[in-house]
Amino acid sequence: MSSMLAKYENFLVKNVSTISTLESSLRSVTWFLPGRFKDADLASEGLSAILNVSSMYHDTLLTRVVQSDPHWKPILPISLHTRYTRAWSNKDTLYKWVARALELIRFTQLLVEMLLRRRVSDKNRWRGIVFLETVKMILRFTLLKITTRPLLSPPIPERDIDPASLSPTSTHTSPTLAPTSPSSSPPPTPDHLKNNHTPLQPNPLMLTPPPPARSDTSVEDYLLPKALTTSSVKPSLLLIKPLSSPLESLSECIYIIRPWLYAIILSSKKLKDKALVTAFAMELISRNLRRTPSPSAILERDEYARRDRDLLWYLLRGSVWETYTRPKVEALVEKTTNVPIIGLVSSIVKDWIPLVDEYYYYTAP
């Protein structure tokens, strides 16, 4: 088994660009499958889950290849999110496996719900959903206990490797890496120029005098984004400060409990109408209790900005979706059905509308 795994890893490193292109193409196909045939939604989500899980494994393998070769260095700076999550993964083994387990559940939860909907009663389906949310809540509280810092999403390093730039002939190269020193030998003369004895005429652009001096504004605009910031020189584990007050901890706890409580209330038909209001109220309470990060806390500010953007998902949940958003989306789809190009998008949206009605995890918090 280990030899087969080693062969696959070697094949992946040598053909990483092709595999990445195949992953991207198949991921695009999943958007068009729903509504095309019976159980197309199940096939689409199954393919998506397989791609996400395999991509997570591929990212882990490529990162291992990168870190094992000291002769290469990154072309572009590593993102703050990758620095932070990778530092915690390297420091604490429990963090690494808990974060991966959380992502694995996130990749497969909708597929599990689809299978439960086809195999068991609606009551047992909701029991399965509540069980998944309970496990996710426990995992998030474990991460919170380990880091004592606001949680990032995702909690594992994101792909920051461009597989297309990986040399297919070397097993010790990495997509985002370049040699630390340039080649010592000069580039060879092309064959079609070796016997060329006619002097090359200078290009007219070389004879044109330079334009008059401009202001330094363009130079500053170019250099400022490349300047070092406080986040660039901070230790990776200090990119996010620990929670320092009971209110800050309470805010994070409310944010973690919110999806679990939302699923529990939604599973009860008697309290179904209160689920959306309860979850939204908890979201606002958590938002008001959380601390205001300093301007230099870029990573924490990005995470809070992502949470604020996620508030838009409430337009696709509960009574807001049923009475407000869905009628407007359906009306827009009907108006644009016969419009070229836009009509194609409208048909895809039309096939996805029933899925939002039927499955919890399409719009779950």
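Summarising the geometry of Ile138 relative to Thr142, their closest heavy-atom pair is O-OG1, 2.8 Å, with the distance given to 0.1 Å. Counting all heavy atoms, side chain and backbone alike, Arg307 lies closest to Glu283 at O-OE2, 4.4 Å. When every heavy atom of Glu23 is checked against every heavy atom of His58, the shortest pair comes out as OE2-ND1, 2.7 Å.
Side-chain contact check for Trp321 versus Ile353: some heavy-atom pair is nearer than 4.5 Å. Counting heavy atoms from C-beta on, the side chains of Leu243 and Leu144 come closer than 4.5 Å.
Within a 6.0 Å radius of CZ in Arg119, no more than 12 heavy atoms belonging to other residues, nucleotides or ligands are found. Residue Phe11 qualifies as open at atom CZ: its count of foreign heavy atoms under 6.0 Å is 12 or below. Summarising the local packing, NZ of Lys96 is surrounded by more than 12 heavy atoms from other residues, nucleotides or ligands at distances under 6.0 Å. Counted within 6.0 Å of CG on Asn288, heavy atoms from surrounding residues, nucleotides or ligands total more than 12; the atom is thus considered enclosed. Around the CG atom of Leu312, the shell of radius 6.0 Å holds more than 12 heavy atoms that belong to other residues, nucleotides or ligands.
When atom types are taken as modelled, the side chain of Glu252 and the backbone of Leu151 share a donor-acceptor pair closer than 3.5 angstrom. Counting only distance, with no hydrogens or angles, the side chain of Arg83 and the backbone of Ile78 share no donor-acceptor pair below 3.5 Å. Although no hydrogens or angles enter the test, the distance criterion places no donor-acceptor pair under 3.5 Å between the side chain of Ser267 and the main chain of Trp126.
Side-chain polar atoms of Ser55 and Arg27 form a donor-acceptor pair below 3.5 angstrom.
When the side-chain hydrogen bond (donor to acceptor under 3.5 Å, both in side chains) test is applied to Asn124, the partners found at least two apart in sequence or on another chain are Ser121, Arg127.
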